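If you're wondering where the values come from, they're calculated on a predicted model, not measured in any experiment.
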Amino acid sequence: ACLVPTGNSSKKQKTKQEVTRKDNTCVVHHEERAVTIVDLNAADTTLLKQLPGIGSAFAKWIVSYREKLGGYCETEQLLEVYKMDTLRYEGLKDFVKIDSLFTPNKFKINSDGFKVLLKHPYLEYEDVKKIVNHREQKGFITSWAQLKTIVGDAINPKLRYYVDYQ
């Protein structure tokens, strides 16, 4: 369900009537204006431009980064989008959602090539070298714990959403 606070500062925040549309957005009537709640993984640039502070350039950057990631798993990942700052994010975070049934596109850690792995935003060149060397010398990587041991504790914990160990 798409529920947006009305801005009431009390602990019991009220929400206005919601209407779910076919395009996976919800319209919430908020202070006499309709505000669209956008599913970050389903929205095109046209829908994204309806968000506060998002114009054509940001809409394209949001979609581009979504494609590189394999989809957004947390709304906070918007902070990783080119030129996204905390102020802009704070202004739009209440108007975005991640569908609870969303499954990200995953890369195959044990069979994808060096160049494919290197395209993921959470993997650096040295990380990919360690992964490929491990596969060649010791075999498959079978878990997140093993991957952390191979790459090191500095690995981005959000990478766990995008790894397929098969």
Participant: Angle class for the Tyr125/Phe114 ring planes (parallel below 30°, perpendicular above 60°, tilted otherwise)?
Facilitator: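 Rings of Tyr125 and Phe114: perpendicular, as their planes differ by over 60°.
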Participant: So how far is it from Ile98 CD1 to Asn41 CG, rounded to the nearest 0.5 Å?
Facilitator: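 That separation rounds to 5.0 Å.
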Participant: Answer yes or no: is there a donor N or O on one side and an acceptor on the other, between the side chain of Arg160 and the main chain of Trp144, under 3.5 Å?
Facilitator: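 Answer holds: no.
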Participant: Kindly compute the distance separating OH (Tyr161) from CG (Asn156), expressed to the nearest 0.5 Å.
Facilitator: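 The distance works out to 10.0 Å.
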Participant: If you compare all heavy atoms of Leu117 against all heavy atoms of Leu123, which two are closest, and at what distance to 0.1 Å?
Facilitator: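 For Leu117 and Leu123, the tightest heavy-atom pair comes out as O-CD1, 3.5 Å.
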Participant: Any chance you could lay out the side-chain contact (heavy atoms from CB on, under 4.5 Å) test for Leu69 and Arg66, step after step, and finish with the verdict?
Facilitator: CA-CA 5 Å; Leu69 278 174; Arg66 175 179 70 202; 5.9 Å; no
Participant: side-chain contact (heavy atoms from CB on, under 4.5 Å) between Leu40 and Leu48: does it pass, once the steps are laid out?
Facilitator: CA-CA 8 Å; Leu40 286 175; Leu48 290 168; 4.2 Å; yes
Participant: First locate atom CZ of Arg135, then atom OG of Ser111, and finally report the distance between them rounded to the nearest 0.5 Å.
Facilitator: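 The CZ atom of Arg135 sits 7.0 Å away from the OG atom of Ser111.
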Participant: So Tyr65 and Gln77, side chain to side chain donor-acceptor pair (under 3.5 Å) or not? Walk me through it.
Facilitator: CA-CA 9 Å; Tyr65 194 63; Gln77 287 175 291; over 6 Å; no
Participant: Apply side-chain contact (heavy atoms from CB on, under 4.5 Å) to residues Leu78 and Leu92 and explain how you reach the verdict.
Facilitator: CA-CA 10 Å; Leu78 284 175; Leu92 67 86; 3.5 Å; yes
Participant: For Gly70 and Phe102, work out which heavy atoms get closest and say how close.
Facilitator: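 Minimum heavy-atom contact is O-CZ, 3.7 Å.
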Participant: Using every non-hydrogen atom in the two residues, find where Val151 and Lys130 come nearest and quote the distance to one decimal.
Facilitator: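 Smallest heavy-atom distance, with atoms named: O-NZ, 3.2 Å.
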Participant: Just do the side chain to side chain donor-acceptor pair (under 3.5 Å) check on Tyr82 and Ser64 with the steps written out, would you?
Facilitator: CA-CA 10 Å; Tyr82 179 67; Ser64 175; over 6 Å; no
Participant: Shortest non-hydrogen contact from Pro104 to Cys73?
Facilitator: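 Heavy atoms only, the tightest pair is CG-SG, 3.7 Å.
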Participant: Do Val116 and Val132 share a hydrophobic cluster (ILVMFWY, side-chain heavy atoms under 4.5 Å, transitive)?
Facilitator: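 The answer is no; the residues belong to distinct hydrophobic clusters.
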Participant: Identify which one of Val96, Asp39, Val81 satisfies the side-chain contact (heavy atoms from CB on, under 4.5 Å) criterion when paired with Tyr72.
Facilitator: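 Of the listed options, the one satisfying the test is Val81.
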Participant: Looking at every heavy atom in both Val38 and Ala43, which two are closest together, and how far apart are they?
Facilitator: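 Shortest heavy-atom separation between Val38 and Ala43 comes out as CG1-CB, 3.1 Å.
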Participant: Between the side chain of Arg88 and the main-chain N/O of Lys83, is any donor-acceptor distance below 3.5 Å?
Facilitator: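 Checking the backbone N and O of Lys83 against the side chain of Arg88, no donor-acceptor pair under 3.5 Å is found.
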Participant: Just by distance, do the side chain of Gln146 and the backbone of Thr142 share a donor-acceptor pair under 3.5 Å?
Facilitator: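 A pair under 3.5 Å: yes.
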Participant: Could you state the interatomic distance from CD (Gln166) to CD1 (Ile109), rounded to the nearest 0.5 Å?
Facilitator: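 Here the interatomic distance stands at 13.5 Å.
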Participant: Does Asp153 CG have over 12 foreign heavy atoms under 6.0 Å away?
Facilitator: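 For Asp153, atom CG is not crowded (no more than 12 foreign heavy atoms under 6.0 Å).
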Participant: Measuring from atom CD of Glu67 to atom NZ of Lys119, what distance do you get when rounded to the nearest 0.5 angstrom?
Facilitator: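 Interatomic distance, Glu67 CD to Lys119 NZ, rounded to 0.5 Å: 12.0 Å.
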Participant: I'd like to know if the side chain of Asn110 and the backbone of Tyr165 have a donor-acceptor N/O pair within less than 3.5 Å.
Facilitator: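 Answer holds: yes.
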Participant: Which atoms form the tightest heavy-atom contact between Pro121 and Lys68, and what is the distance?
Facilitator: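 In this case the closest contact between Pro121 and Lys68 is CD-O, 3.4 Å.
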Participant: Angle class for the Tyr162/His120 ring planes (parallel below 30°, perpendicular above 60°, tilted otherwise)?
Facilitator: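 The rings of Tyr162 and His120 sit tilted, inter-plane angle from 30° to 60°.
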Participant: With a 4.5 Å cut-off on side-chain heavy-atom distances among I, L, V, M, F, W and Y, is there a chain of contacts connecting Leu79 to Ile54?
Facilitator: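 Linked, Leu79 and Ile54 end up in one cluster.
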Participant: Enter the distance from Asp127:CG to Ile150:CD1 here, rounded to the nearest 0.5 Å.
Facilitator: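 Going from CG on Asp127 over to CD1 on Ile150, the span is 11.0 Å.
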Participant: Is Lys93 salt-bridged to Glu76, cutoff N-O under 4.0 Å?
Facilitator: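 Looking at Glu76 together with Lys93, the answer is no, because their closest N to O distance does not fall below 4.0 Å.
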